[in-house]
Amino acid sequence: MERVSVGLLGLGTVGTGVARLLVEEADRIARRSGRAIDLKWVVVRDPHKKRGVELPNARIVTDVRRVLDDPEVEVVIETMGGIHPTLETVLEALAAKKDVVTANKALLAEHGTTVFGQARKYGRAVAFEASVGGGIPIVQALGVSLAANQVQSLAAIVNGTCNFILTAMTREGTPYESALRKAQELGYAEADPTMDVDGTDTAHKLAVLAQLAFEANIKTAQIPRQGIDRLQTADIRYAGELGYVVKLLALAKLSEFGLELRVAPTLVKKGTPLADVSGPYNAIRVVGDAVGDTLFYGRGAGMMPTASAVVGDLVDVVSGRTAVTFRTLNLWSESKPVPKLTPPSAVHSRYYLRFMIADRPGVLASLATVLGTKGISIASVIQHDPGDDEPAGSPVPLVIMTHMAAEAGIRAALDEIDGLGVVHAPSVCLGVEE
Ligand code: NAP
Ligand code: HSE
């Protein structure tokens with residue numbers, strides 16, 4: 001059988017999984033690719049580190065030039081992560097006429113136009129299934145299988161680390177810090193886990209999804225985002241009392257006002273499919289005009305699920321399929337129109353609000369008056385007694401669920417309420433996804 005030489009950049013969580021599949025499943029992968037894969041070079045930072053895979057035929061090196069300057073290498077698999085020097089390395093690989101497979105959503109979200117422009121210039125392809133949803137084939141689904149549709153909306157849980165933390169906090173009452181440590185040990189988190197918990201990783205993935213679903217060149221900075229790093233356990237508990245779980249959602253909706261994008265911890269009704277997505281699992285709900293409602297579900301982070309997507313891409317590249325979809329999809333093209341983003345005044349949702357209020361007569365009425373003057377209708381109210389160990393006179397939590405309201409009105413009302421002198425600011429505001 002004909003052979004193809006491949007260079008692997010990075011042998012961490014994802015790279016190790018990729019190497020394992022290439023060694024242990026070599027026959028099946030060769031059958032499906034039509035060529036035997038020869039993993040020739042593996043590039044790492046520390047050549048002395050103990051690795052979780054035996055590589056009898058590959059050479060472990062620290063210099064990317066070994067891959068870039070080897071004319072036999074036809075495909076570079078990038079699992080190093082980060083932006084620099086990864087961007088420069090990927091651009092050089094493409095200029096050296098090598099196709100690239102990457103799991104790096106940060107690179108695509110921030111430099112997709114440069115990377116894809118370079119690939120087009122040199123007639124090469126870039127495959128990136130593992131960049132969103134780990135092992136879930138969502139890139140293939142949006143780029144190919146749902147091509148007949150205008151996607152109308154997306155609602156997605158796409159950060160395994162955050163979903164793992166929220167599940168542990170909700171179900172076992174695990175403290176945030178220890179749940180995050182466990183997610184890091186299990187290989188779900190980014191090298192810098194701040195990217196996970198502050199919503200940046202989810203925003204990167206939403207930028208990639210928006211490219212595929214709406215042909216929209218979106219910069220991460222254009223996506224309003226909030227992470228789970230400032231979420232309080234009390235809000236997870238009160239949401240539970242109201243029949244909701246809190247999930248970090250990536251949301252995209254197309255309407256007459258434009259494309260609405262956001263990343264935020266959001267209340268999701270218990271018993272709905274997204275509410276039941278737990279641990280490192282991800283799910284992406286896609287509504288298309290022809291297909292209607294669809295849901296893609298699976299492991300969104302971790303070694304082998306991610307490696308499954310990377311090696312699937314490698315098979316597609318080697319078999320020649322990627323070249324066709326790469327050309328026809330024409331992603332991250334400079335020629336695509338700049339999308340019109342929905343202004344905050346046109347964003348509507350139900351909202352969960354929590355105020356820490358002085359427990360005395362008239363306070364609830366003053367809050368309700370502000371909400372009323374901004375056109376916000378209250379659906380339900382819960383006021384909790386202070387805890388037994390709280391000193392007398394401590395502020396008490398007041399939780400309000402609104403009916404559908406304009407975000408602009410909610411923001412104006414919160415500013416006014418936080419200035420009233422009867423609440424201990426800042427108040428909490430979370431959107432609700434029914
Ligand atoms: P990781 O465990 O930190 O592994 C990174 C690997 O790259 C390490 O082997 C490291 O070498 C090597 N490396 C980093 N910088 C290098 C440089 N300048 N030169 C040479 N080698 C370098 O990261 P990971 O979790 O596998 O993630 C890799 C990529 O996959 C990231 O883009 C991430 O966003 C993406 N991703 C990860 C997951 C996941 O579940 N972890 C899922 C989907 C996508 P040493 O081992 O010598 O330090
Ligand atoms: N850090 C990412 C996550 C890896 O937790 O989802 C998968 O992209």
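Numbering of ligands and ligand atoms starts at 1, following listing order. Numbering starts at 1 and runs along the sequence shown.
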Any salt bridge linking Glu92 with Lys98? Criterion: basic side-chain nitrogen under 4.0 Å from a carboxylate oxygen. no
Please verify the inter-ring angle class for Phe128 with Phe116; under 30° counts as parallel, over 60° as perpendicular, anything in between as tilted. perpendicular
Nearest to atom 3 (O) of ligand 1, what protein heavy atom do you find, and at what distance? Ala191 CB, 4.5 Å
Under 4.0 Å from a heavy atom of Glu190: give me the atoms of ligand 1 that qualify, with their elements. 33 (C), 34 (O)
Looking only at heavy atoms, is any part of Ala189 under 4.0 Å from ligand 2, and if so is it the side chain, the backbone, or both, or is it neither? backbone
Does any N or O of ligand 1 fall below 3.5 Å from an N or O anywhere on Gly15, backbone included? no
If we number the atoms of ligand 1 from 1 as shown, the ones under 4.0 Å from a heavy atom of Gly187 are 39 (C), 40 (O), 41 (N)
Among all the protein's non-hydrogen atoms, which is closest to atom 38 (C) of ligand 1, and how far away is it? Val14 CG2, 3.6 Å
Ser131 to ligand 2: N or O pair under 3.5 Å? no
For Lys205, which part has a heavy atom under 4.0 Å from ligand 2: side chain, backbone, both, or neither? side chain
Within the 4.0 Å heavy-atom shell around Asp196, which atoms of ligand 2 are there? 1 (N), 2 (C), 3 (C), 5 (O)
Under 4.0 Å and counting heavy atoms only, is there anything from the protein next to atom 23 (O) of ligand 1? no
Under a heavy-atom criterion of less than 4.0 Å, does Glu78 contact ligand 1? no
Please list, in number order, the atoms of ligand 1 under 4.0 Å from a heavy atom of Ala130. 43 (C), 44 (C)
Does Met303 have a non-hydrogen atom less than 4.0 Å from ligand 1? no
Quick look: Thr306 vs ligand 1, heavy-atom contacts under 4.0 Å, and the answer is side chain
With a cut-off of 4.0 Å, which atoms of ligand 1 are near a heavy atom of Pro85? 18 (N)
Taking atom 4 (O) of ligand 1 as the reference point, the nearest protein heavy atom with its distance: Gly12 CA, 3.3 Å
Basic-acidic side-chain contact under 4.0 Å: Arg35, Glu2: yes
Work out whether the distance between some heavy atom of Lys105 and some atom of ligand 2 is less than 4.0 Å. yes
Checking a contact table here: which protein heavy atom is nearest atom 45 (P) of ligand 1, and how many Å away? Lys49 NZ, 3.4 Å
Using a 4.0 Å heavy-atom cut-off, say whether Thr161 meets ligand 2 through its side chain, its backbone, both or neither. both
In this structure, atom 40 (O) of ligand 1 is nearest to the protein heavy atom Gly302 N, 2.7 Å
Result of checking Glu190, Glu110, Glu129 against Lys105 for salt bridge (Lys or Arg N to Asp or Glu O under 4.0 Å): Glu190
How close does the nearest protein non-hydrogen atom get to atom 16 (C) of ligand 1, and which residue and atom is it? Arg45 CG, 3.7 Å
If we set the cut-off at 4.0 Å for heavy atoms, which region of Val158 has an atom near ligand 2: side chain, backbone, both, or neither? backbone
Is any NZ, NE, NH1 or NH2 atom of the basic residue among Arg262 and Glu407 found under 4.0 Å from an Asp or Glu carboxylate oxygen of the other? yes
Would you please test Ser427 and Asp418 for side chain to side chain donor-acceptor pair (under 3.5 Å) and show each step? CA-CA 7 Å; Ser427 303; Asp418 283 350; 2.5 Å; yes
Distance under 4.0 Å to a non-hydrogen atom of Asn104: what atoms of ligand 1 satisfy this? 32 (O)
In ligand 1, which numbered atoms sit nearer than 4.0 Å to a non-hydrogen atom of Leu11? 6 (C), 8 (C), 9 (O)
List every atom of ligand 2 that sits less than 4.0 Å from any heavy atom of Gly300, numbering the atoms from 1 in the order shown and giving each element. 7 (C)
Protein residue, atom and distance nearest to atom 32 (O) of ligand 1, heavy-atom basis: Gly81 CA, 3.2 Å
Relative to the heavy atoms of Thr79, which atoms of ligand 1 are at a distance of less than 4.0 Å? 5 (C), 6 (C), 7 (O), 28 (C)
Part of Arg51 within contact of ligand 1 (heavy atoms, under 4.0 Å): side chain
Below 4.0 angstrom from a heavy atom of Asp46, which ligand 1 atoms are there? Numbered from 1 as shown, please. 47 (O)
How far is atom 2 (O) of ligand 1 from its nearest protein heavy atom, and which residue and atom is that? Thr13 N, 3.0 Å
May I ask you to check whether Gly160 has an N/O atom sitting below 3.5 Å from an N/O atom of ligand 2? yes
Nitrogen or oxygen of Gly134 less than 3.5 angstrom from that of ligand 1: no
Quick test of your reading of the model: are Asp201 and Lys205 salt-bridged, counting only N-O distances below 4.0 Å? yes
